[in-house]
Amino acid sequence: MKQLTVNIKDNSKIAFFMELIKNFDFIEVQSLSADTKYKKEFVKDLKEAFNDVKLHQAGKKKLKSAKELLDEL
């Protein structure tokens with residue numbers, strides 16, 4: 001068995017491409033859901049962190065100091 005890596009430039013075409021290759025019985029598609037799930041969770045957490053910073057700058061939220069964070073560890 002040979003392995004092939006494909007980079008798809010247009011994200012809107014990924015679903016189409018995946019549906020297309022699933023119809024070939026000689027191709028085995030490995031699930032990317034774990035990697036995708038990790039990326040989605042990372043982006044969600046990052047957006048939440050930026051939102052917390054905006055709220056802190058507006059005086060609507062108090063953030064922990066670096067010392068408080070280290071003390072928790």
Side-chain angles (χ1 to χ4, degrees):
M1 177 169 41
K2 297 282 184 180
Q3 185 173 1
L4 175 69
T5 302
V6 177
N7 294 315
I8 301 173
K9 293 179 183 178
D10 186 350
N11 286 343
S12 67
K13 306 292 184 193
I14 293 173
F16 167 77
F17 181 76
M18 293 300 290
E19 189 63 33
L20 177 69
I21 63 173
K22 284 180 185 177
N23 288 304
F24 295 113
D25 61 353
F26 58 91
I27 294 178
E28 175 185 324
V29 178
Q30 293 181 348
S31 174
L32 300 174
S33 62
D35 185 45
T36 304
K37 182 179 177 183
Y38 169 77
K39 287 178 184 178
K40 285 180 181 180
E41 186 175 333
F42 175 79
V43 169
K44 181 183 76 76
D45 290 345
L46 191 60
K47 284 180 181 179
E48 185 179 329
F50 280 123
N51 188 45
D52 286 346
V53 170
K54 285 181 184 177
L55 290 174
H56 174 73
Q57 289 174 335
K60 297 179 180 180
K61 185 171 187 169
K62 182 177 180 338
L63 299 177
K64 296 178 184 179
S65 69
K67 181 177 179 353
E68 291 171 324
L69 287 172
L70 290 173
D71 288 343
E72 287 181 8
L73 297 176

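Below, all heavy atoms of this structure are taken into account, side chains as well, without hydrogens, waters or symmetry copies. Here the structure is a predicted model, which means the values were calculated and not measured. Residue numbers start at 1 and run along the sequence shown.
- Membership of an apolar cluster is not assigned to L55, as no side-chain contact below 4.5 Å to another ILVMFWY residue is traced.
- Residues in residues 59-73 take part in these salt bridge (Lys or Arg N to Asp or Glu O under 4.0 Å) pairs, two or more places apart or across chains: D52-K61, K64-E72, K67-D71.
- A side chain to side chain contact (heavy atoms under 4.5 Å, CB included) with V43 is found for exactly one of K47, E41, K40, namely K47.
- Following chains of ILVMFWY side-chain contacts shorter than 4.5 Å, one cannot reach M1 starting from V29, and the two form parts of different hydrophobic clusters.
- Within the structure, the salt bridge (Lys or Arg N to Asp or Glu O under 4.0 Å) test picks out no pair touching residues 18-29 (sequence neighbours left out).
- Follow the hydrophobic side-chain contacts under 4.5 Å out from L73 and you never reach L69; the two are in separate clusters.
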Please set out all donor-acceptor pairs under 3.5 angstrom arising from side-chain atoms of residues 8-17, sequence neighbours excluded.
unit_1: D10; atom_1: OD1; unit_2: S12; atom_2: N; d: 3.1
unit_1: D10; atom_1: OD1; unit_2: S12; atom_2: OG; d: 2.7
unit_1: D10; atom_1: OD2; unit_2: S12; atom_2: OG; d: 3.3

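- A search for ring-ring contact (aromatic ring centres under 6.0 Å, His included) contacts involving F24 returns F26, not counting sequence neighbours.
- Looking at residues two or more places apart in sequence or on another chain, you find a side-chain contact (heavy atoms from CB on, under 4.5 Å) between L46 and F42, F50.
- By the salt bridge (Lys or Arg N to Asp or Glu O under 4.0 Å) test, K44 is found to be paired with no residue, residues two or more places apart in sequence or in another chain being considered.
- Residues near V53 contribute nothing to a hydrophobic cluster around it, because no ILVMFWY side-chain heavy atom sits closer than 4.5 Å to its side chain.
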